[in-house]
Every structure is written in structure tokens, then in C-alpha cells.
Amino acid sequence: MPYAQTRAWTIAPLLLVVIAFVAFSLPPYLTFDPARSRVPVGNAVRGYYPLLVAHVVFGSIALLTACLQIWPWLRTRFPDVHRRTGRVYVFAGVLPAGAIGLVIGALTPFGPVLRASNVVLALVWLTVTITGYRAGRQYRLADHRRWMIRSVVLTLSIITNRIWAVVWVIALMPQLQTTFGGNEALMVQSIAGLSGWLGWVLPLLVTEWWLDTRRAPESPAARPVSGQAAAGSRA
Ligand code: HEM
């Protein structure tokens, strides 16, 4: 099978997972009916619900465009499309979703442990994405690639977060009367906090390890000299 064809479908499994996630997550918020929110908004401050809706819409754009950005076939065959969808990913996805995530993250009804995770994650997500975007604008393409891989991993961490939530619900529900003394709110906050932190810290650590192992062959001895090195970093 020719190279381009082998690569054309490699993104399919990830895309399917992302489409399923968005198809499940987004519709209740498109009704603009606070009663259908999966986050309790009854006691929230004014303006919280519209911000949550905006966050989910921009987050969905970030997730869907993230798949396009890391698709090798699209990147190599249609670099112009990669640039255009990249701008959508950054300016209509991560930046608005992350900025709003920072605000609603600080107001979360799910307790202080998730609050800390949300705020740190939003700041790291914004910083990593802006750094990757700037590297791309400056044609430091090796740097651009590394920072954007981190950015996309953080974007996808919304999905690993939900997987951890299922794991912790199964693990901790039977302990409601024992570990949590019958306090359901405490159990929900524990599940949310654990899922929040594990959802993004673990994938980011694995990504750092993966990026490091791939950096290894670029030892000083193996690196091309002067002008060639600069050209190599734009490959
Ligand atoms: C990666 C940085 C992100 C941060 C810091 C963040 C933060 C938040 C916060 C604070 C909430 C309100 C619930 C709570 O208090 O925990 C929330 C809800 C939500 N977020 Fe994000 N979010 C991020 C990424 C995303 C992405 C990429 C999506 C993709 C669609 C997304 C989709 C949602 C949805 C659907 C909800 C509503 C809860 C639900 O219906 O399951 N978020 N997010």
C-alpha cells in the first residue's frame, strides 16, 4: 500500500473516540437549559452557566481539530489545511476553552482538590499551546511539534479524565459507608479530585518520557553542523 494511503486512515480510531465523546458531551449544553447541565448549576454564581456552555463548545472545537493537527497524512499532504485548522485549534479552541476553564475551574462545585487540578491544568494548557504556536510562527518546527504534542495530549486528557471517573466510581462506591462514613458529597469530591489530577498528569508524564526517548538519537555527535542543523530543526 502506498505511504499516503497507509497513513490516511491511521487517525480513524482516535477520531471515532473523540466524535463519540463530543456527541455524548455537547448536546445537553446546546439546549441552553441549565436543568440539563451535568454540572450542578443551581447554587452557581451568575454567569456560570453561559460560561460553562461556551467552554464546552470551544472545548469540542479543540478536541475535533486536535485530531486533524496530529494526523500525519493531512499534515504532509495538505500543509495549508494544517496551518488553517491549527489556527482554529488555537484561537477557537484551546485559548477560549482554557481561559473560561480557568474561571469556571476556580468556581467548581466539586471541591478544592479538583479546583486546584482545574486551575493548574488550564494554566499549563494555555502556556503549552501558546508556546507551541509561537514556535510554529517562528519556524522552529521541531520545537513547535514537541509543544503541540503536549498541547494535544492535554486536550485529549478530558477523555482520560472521564475514564478515571468511571474507574473511581466503581472502586469507591462500595466504600461509601466505610471510607466516607456515608458522606456522599465527600465521595463525589474524592472521585472528581482523583480523576482530575490523574486525567492529565499521567498522560503528560508518559508524553515527556516518549519525547525524551525520541530525542535520544539526536546526540551532539549525530547532529548535522551549523547551517544544516538549522535546516534540520525545521524538518
Ligand atoms: C484541558 C483543559 C480543561 C479544563 C481546565 C477544563 C475545565 C472544566 C471545568 C472547570 C468544568 C466544570 C466542571 C468542574 O467544575 O470541574 C468543565 C466542564 C466540562 N468540560 Fe472542560 N476543561 C478542559 C478541557 C475540556 C475539553 C477539551 C473539553 C472537550 C469537549 C471539555 C468539555 C467539558 C464538558 C463537556 C464539561 C461539562 C461536564 C460534563 O457535561 O461532563 N473540557 N471543564
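Because only heavy atoms are used, hydrogens play no part in the values below, and waters and symmetry mates are left out as well, while side chains stay in.
Residues Pro109 and Val39 share a closest heavy-atom pair of CG-CG1, 3.8 Å. Between Leu123 and Thr127 the shortest heavy-atom distance is O-OG1, 2.6 Å. Of all non-hydrogen atoms in Ser190 and Phe180, the two that sit nearest each other are OG-CE2, 3.3 Å. Between Val90 and Met148, the shortest heavy-atom contact is CG2-CE, 4.0 Å. Heavy atoms only, all atoms of each residue included: Pro28 and Arg38 are closest at CG-NH2, 3.5 Å. The minimum heavy-atom distance between Pro79 and Thr76, with the atom names listed, is CD-O, 3.8 Å.
Atoms CD1 and NE2, on Ile70 and His82 in that order, are 11.0 Å from each other to the nearest 0.5 Å. Asn183 CG to Leu176 CG: the interatomic distance, rounded to the nearest 0.5 Å, is 8.0 Å. Atoms SG and CG, on Cys67 and Leu15 in that order, are 5.0 Å from each other to the nearest 0.5 Å. Rounding to the nearest 0.5 angstrom, the gap separating the CD1 atom in Ile19 from the OG atom in Ser60 is 12.0 Å. Interatomic distance, CZ of Phe78 versus OG1 of Thr85, reported as 12.0 Å (0.5 Å rounding). Here the OG1-CZ distance, from Thr207 to Arg150, works out to 8.5 Å after rounding to the nearest 0.5 Å.
Classified by interplanar angle (parallel below 30°, tilted 30° to 60°, perpendicular above 60°), the ring pair Trp168/Trp164 is parallel.
Proximity of Arg75 to Gln69: side-chain heavy atoms (C-beta onward) are nowhere separated by under 4.5 Å. In this structure, the side chains of Val201 and Leu205 come closer than 4.5 Å at one or more pairs of heavy atoms. For the pair Thr10 and Pro72, the minimum side-chain heavy-atom distance is below 4.5 Å. Side-chain contact between Leu114 and Leu194 is absent, with no heavy-atom pair separated by less than 4.5 Å. Residues Met173 and Met187 meet the side-chain proximity criterion, which asks for heavy atoms closer than 4.5 Å. The shortest side-chain heavy-atom distance between Val18 and Leu156 falls under the 4.5 Å cut-off.
Take Asp80 and apply the side chain to side chain contact (heavy atoms under 4.5 Å, CB included) test, not counting sequence neighbours, and it matches Arg83, Arg84.
A side-chain donor-acceptor contact under 3.5 Å links Thr178 to the backbone of Gln175. Side-chain atoms of Arg115 come within 3.5 Å of backbone atoms of Ala106 as a donor-acceptor pair (strictly under, hydrogens ignored). With hydrogens and angles ignored, the 3.5 Å screen pairs no side-chain donor or acceptor of Ser37 with any backbone N or O of Pro34. In this structure, the side chain of Trp197 engages the main chain of Val113 through a donor-acceptor pair within 3.5 Å. In terms of modelled atom types and a separation under 3.5 Å, the side chain of Thr213 and the main chain of Trp210 share a donor-acceptor contact.
Among residues at least two apart or in separate chains, there is no salt bridge (Lys or Arg N to Asp or Glu O under 4.0 Å) pair with a member in residues 181-200.
Looking at Trp200 and Ser117, their side chains do bring a donor and an acceptor atom within 3.5 Å of each other. Side-chain contact, Trp125 with Thr155: a donor N or O sits under 3.5 Å from an acceptor N or O. Looking only at atom types and distance, the side chain of Thr129 has no donor-acceptor partner in the side chain of Tyr89 under 3.5 Å away.
Exactly one residue among Thr131, Ile130, Val128 makes a side chain to side chain contact (heavy atoms under 4.5 Å, CB included) with Ser151. That residue is Val128. Evaluated for a side chain to side chain contact (heavy atoms under 4.5 Å, CB included) with Leu154, the options Val94, Ile149, Leu126, Leu204 yield exactly one hit, Leu204.
When hydrophobic clusters are built by joining Ile, Leu, Val, Met, Phe, Trp and Tyr residues whose side-chain heavy atoms come closer than 4.5 Å, directly or via intermediates, Tyr29 is not grouped with Phe24. Residues Leu107 and Leu102 are members of separate hydrophobic clusters, defined by side-chain heavy-atom contacts under 4.5 angstrom among Ile, Leu, Val, Met, Phe, Trp and Tyr. Hydrophobic clustering keeps Leu74 apart from Leu16 (ILVMFWY residues linked when any side-chain heavy atoms are closer than 4.5 Å, directly or through intermediates). Both Leu30 and Leu64 are part of a single hydrophobic cluster, where members link through side-chain heavy atoms under 4.5 Å apart. Both Ile11 and Val17 are assigned to one and the same hydrophobic cluster, defined by single-linkage of ILVMFWY side chains at heavy-atom distances under 4.5 Å.
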Please evaluate residues Phe110 and Ile191 with respect to the criterion side chain to side chain contact (heavy atoms under 4.5 Å, CB included), reporting the C-alpha separation (whole Å), side-chain torsions for both, the decisive distance (0.1 Å), and the verdict. CA-CA 9 Å; Phe110 295 114; Ile191 291 170; over 6 Å; no

Take Ile158 and Arg162 through the side chain to side chain contact (heavy atoms under 4.5 Å, CB included) test and state the conclusion after the steps. CA-CA 7 Å; Ile158 187 71; Arg162 300 303 196 258; 3.4 Å; yes

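The environment of CZ in Phe91 is crowded: more than 12 heavy-atom neighbours from other residues, nucleotides or ligands sit within 6.0 Å. In the displayed structure, Arg134 atom CZ is contacted under 6.0 Å by at most 12 heavy atoms of other residues, nucleotides or ligands.
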Which atom pairs, one a donor and one an acceptor, fall under 3.5 Å between side chains of residues 46-56 and the rest of the protein, sequence neighbours left out?
from: Tyr49; atom 1: OH; to: Asp33; atom 2: N; distance (Å): 3.1
from: Tyr49; atom 1: OH; to: Asp33; atom 2: O; distance (Å): 3.3
from: His55; atom 1: ND1; to: Ala97; atom 2: O; distance (Å): 3.0

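Taking the six-membered ring where the residue is Trp, the centroids of Trp147 and Tyr133 are separated by 6.0 Å or more.
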